[in-house]
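Have a look at the structure below before the remarks.
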Amino acid sequence: MADYRELWESLGVDLEKHDQLCTVLPEFYEDIYLSQENRPEAMNYFNFVVSEIHGLRIQELDEHRKKGGKVLGSFCVFVPDEVIFGAEAIGVGLCGGSDFWVPDGEKVLPRNMCPLIKASVGAKTSGTCPYFQSVDLLVGETTCDGKKKAWEILEEHVPMHVMDLPQMKREKDKLNWIEEIKLFKEKVEKLTGNVVTREKLEESIKLINNKRKALQRLYDMRKAAKLPISGKDALLITQIAFYDDPERFIAKVDELCDELEERIEKGDTVFKEDAPRILVTGTPMAIPNWKMHHLIEGNGGAVVCEETCTGTRYFSNLVDEGSQSLEEQYQALAERYLGINCACFTPNEGRIDDIIRLYKEYSADGVIYYSLPFCHTYAVEYKKVKDALDKAGIPVILIESDYSLQDAGQITTRLEAFFEMLQNRKTNKEVAATK
Ligand code: BJ8
């Protein structure tokens with residue numbers, strides 16, 4: 001990585017502390033990612049993005065700001081990027097996925113709360129995340145209680161706008177959400193000095209839809225019997241989608257998919273033939289939270305899909321591109337976003353349908369329900385999901401884990417037992433089929 005110290009200093013980054021973070025990440029990445037065998041060539045771009053995670057993209061954001069542009073940071077897939085890009089601003093995802101930031105988060109938040117929130121707040125209060133230092137406005141949302149209250153603390157450090165997300169999906173909730181998107185648009189227009197016209201919104205809707213389509217194409221490759229890419233790599237790509245330049249990202253994912261198509265044709269795979277295919281569902285895995293995928297794949301499993309916000313919830317369903325007026329565009333946006341099945345909604349039966357559908361589409365053998373500690377909405381929803389999966393004959397286990405590696409041994413033991421059970425189940429089915 002080139003020398004960005006001057007840039008970081010100008011952003012108010014705590015250089016000394018940031019150096020500590022920079023020494024941990026490359027080694028961590030090497031162990032988890034670069035040690036994989038037979039990776040697709042086109043993953044080199046994503047390796048490069050990680051190697052430049054606090055460099056090149058930060059420089060691009062800085063250049064954009066120097067030209068008068070604005071940068072907005074968000075924490076949830078409900079914040080409509082289309083409005084941000086429609087006002088010629090740049091949106092970046094800011095959820096913290098590193099244990100490094102948790103102790104700083106704990107200085108201002110209770111310890112017994114979700115690590116994603118503690119890390120996100122700690123990333124800002126420690127002054128060690130150049131993305132946080134680059135944003136002109138943070139956009140929060142009223143999803144879970146922990147996040148909702150954390151915005152009040154972050155607001156002491158940086159300007160904040162909170163979107164009032166409904167917790168139900170009735171017609172009146174949809175109308176409220178349309179109004180929230182409009183209020184957000186006004187806020188963004190005021191901040192940027194740019195008007196979000198119908199034409200600009202049409203363009204940004206297409207752009208963000210194209211990003212979704214690229215990710216949909218990537219995920220379709222994971223339905224193949226012989227998997228051409230690891231779950232770890234697919235997760236990394238979705239994580240990068242939250243902050244990379246959208247047009248460049250789309251082009252690079254398409255390049256990768258061309259290569260994956262060839263691999264599928266040749267039967268070139270990154271896994272052993274009998275690797276159990278795992279659908280992961282639950283809380284998001286913000287970069288660099290690669291723990292669960294690393295443990296699953298390090299113990300012989302293959303992650304085929306993520307029903308998470310760093311997975312299908314991020315890119316499923318497109319915004320209708322046929323709207324004729326701004327009003328219709330806001331309706332189309334509200335419609336698409338309210339199709340996301342987050343556990344903060346009640347009821348949330350759509351998520352159960354999604355899990356069962358994805359299990360079948362990706363020919364999974366089992367489901368791992370991953371929950372960050374103290375995430376009440378996802379933890380409580382486990383019961384309903386488990387009941388439905390039991391009824392459908394789909395094996396599932398719940399793994400609750402934070403960002404630290406202390407429980408890696410314990411999780412490994414559970415994964416080994418789960419994979420053995422899946423293997424026995426498969427063998428029994430094959431035996432029964434021959435009778
Ligand atoms: S749409 S999943 S990104 S709210 S922060 S709820 S893990 S206790 S992130 Fe989320 Fe939007 Fe929903 Fe997706 Fe739990 Fe932690 Fe809260 Fe979390």
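Side chains are part of it too, since the values below use all heavy atoms of this structure and drop only hydrogens, waters and symmetry mates. Start at 1 and go down the list; that is how both ligands and their atoms are numbered.
The residue from Tyr131, Tyr4, Tyr243 that alone fulfils the side chain to side chain contact (heavy atoms under 4.5 Å, CB included) condition with Ile58 is Tyr131. Phe345 pairs in a side chain to side chain contact (heavy atoms under 4.5 Å, CB included) with only one of the listed residues (Asp173, Leu338, Thr377, Thr143), which is Leu338.
Nearest to atom 14 (Fe) of ligand 1 among the protein's heavy atoms is Cys375 SG, 2.3 Å. Considering only non-hydrogen protein atoms, atom 15 (Fe) of ligand 1 sits nearest to Cys114 SG, 2.4 Å. The shortest contact between atom 10 (Fe) of ligand 1 and any protein heavy atom is with Lys147 NZ, 3.7 Å.
The stretch residues 71-82 participates, sequence neighbours left out, in these salt bridge (charged side-chain N to carboxylate O under 4.0 Å, His left out) pairs: Glu82-Arg212. Applying the salt bridge (charged side-chain N to carboxylate O under 4.0 Å, His left out) definition to pairs two or more places apart or across chains, those involving residues 88-102 are Glu88-Lys200.
A salt bridge does not link Asp387 with Lys384: every distance from a Lys NZ or Arg NE/NH1/NH2 to an Asp or Glu carboxylate oxygen is 4.0 Å or more.
Judged purely by distance below 3.5 Å, without hydrogens or angles, the side chains of Ser401 and Lys291 pair a donor atom with an acceptor atom.
Ordered by chain and number, Cys309 SG make up the set of protein N, O or S atoms under 2.8 Å of atom 13 (Fe) of ligand 1.
Applying the 4.0 Å criterion to heavy atoms of Cys144 picks out, from ligand 1, the atoms 5 (S), 6 (S), 8 (S), 16 (Fe). Of all the atoms in ligand 1, the ones that sit under 4.0 Å from a non-hydrogen atom of Ile117 are 5 (S).
Closest of all the heavy-atom pairs between Met285 and Tyr370 is CE-CD2, 3.5 Å.
Contacts of Ala234 classified as side chain to side chain contact (heavy atoms under 4.5 Å, CB included), with partners at least two apart in sequence or in another chain: Arg222.
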